[in-house]
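Computed from a prediction, not measured in an experiment: that's the story for all the values here.
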Amino acid sequence: MLGEYNGGFREGYASVADSKITTRPLEPGDEGWNESMLLYEEYFLYDDAMLILATPKGCSNIAWTFYDPDNDFNRVPVLIRTGTDSNGNITYFKGSIYTGEHLTLYVPESGLTGPKTYQLQLTIVKGGNTYTDNCGIVVYQRYDR
């Protein structure tokens, strides 16, 4: 029964570019891909939410940078979950420029506060080409607690 259930799925990827299923995602260097596809224009988060983003596979020189538009676009140091250690404890990065492939931001721990809009910039290098995209990170306060 489980085999039948699992056999009913086909491998496919949702493409941000055209919202249809393709055999593989568009990647940097593909026809029809451009750097504005790295991130959505804005992400809306409650102050108790988590945001998880990732770069395309095979990128190098990755830089996730948060900026504060209300403070002359100065860099904002954030706390980012990076995984777990051998004892199962969560490990973190704290700083202004994070270089991991996966960004896992738990807002209550991150240092970001709401209501406020931050700017996130992602810069990657793939195939010798540099790509950069920006988005807004809108943090709302949850009032129903």
Heavy-atom distance under 4.5 Å between the side chains of [X] and [Y], does that happen here?
X    : Y    : answer
P28  : I124 : yes
W64  : L120 : yes
I62  : L122 : yes
P56  : L38  : yes
L103 : I80  : yes

Going through the checks in order, is the side chain to side chain contact (heavy atoms under 4.5 Å, CB included) test met by T123 and N61? CA-CA 8 Å; T123 301; N61 297 330; over 6 Å; no

Looking only at atom types and distance, does a side-chain atom of E35 sit under 3.5 Å from a main-chain N or O of T132, one as donor and one as acceptor? yes

With no hydrogens and no angle check, is any side-chain donor or acceptor of T91 less than 3.5 Å from a backbone partner on D85? no

Pairs flagged by salt bridge (Lys or Arg N to Asp or Glu O under 4.0 Å) wherever residues 118-131 is involved - sequence neighbours left out: E27-K126

With sequence neighbours left out, what residues match [X] under side chain to side chain contact (heavy atoms under 4.5 Å, CB included)?
X    : value
E109 : L79, R81, Y92, Y106
S86  : none
S96  : R75, P77
V138 : E42, F44, T117, Y140

Residues in side-chain hydrogen bond (donor to acceptor under 3.5 Å, both in side chains) with [X], at least two apart?
X    : value
S36  : N34
K116 : D68
S60  : none
N71  : N74

Heavy-atom closest contact (P69 atom, Q119 atom, distance): CD-N, 4.1 Å

Considering all heavy atoms of both residues, which atom of D48 and which atom of R142 are nearest to each other, and what is their separation? OD2-NE, 3.1 Å

How many angstroms lie between atom [atom1] of [X] and atom [atom2] of [Y], to the nearest 0.5 angstrom?
X    : Y    : atom1 : atom2 : result
L39  : N134 : CG    : CG    : 8.0 Å
Y67  : Q121 : OH    : CD    : 4.5 Å
H102 : T82  : NE2   : OG1   : 12.5 Å

ring-ring contact (aromatic ring centres under 6.0 Å, His included) partners of Y118, counting only residues at least two apart: none

So, using ring-ring contact (aromatic ring centres under 6.0 Å, His included) as the criterion, who are the partners of Y131 when residues are at least two apart? W33

Are L51 and L112 grouped together when hydrophobic residues (ILVMFWY) are joined by side-chain heavy atoms under 4.5 angstrom apart? yes

Quick one: name the residues clustered hydrophobically with V125, using the 4.5 Å side-chain heavy-atom rule over I, L, V, M, F, W, Y, and just say none if it's on its own. none

Qualifying residue, where the test is side chain to side chain contact (heavy atoms under 4.5 Å, CB included) with M50 and the options are V107, L45, T104: T104

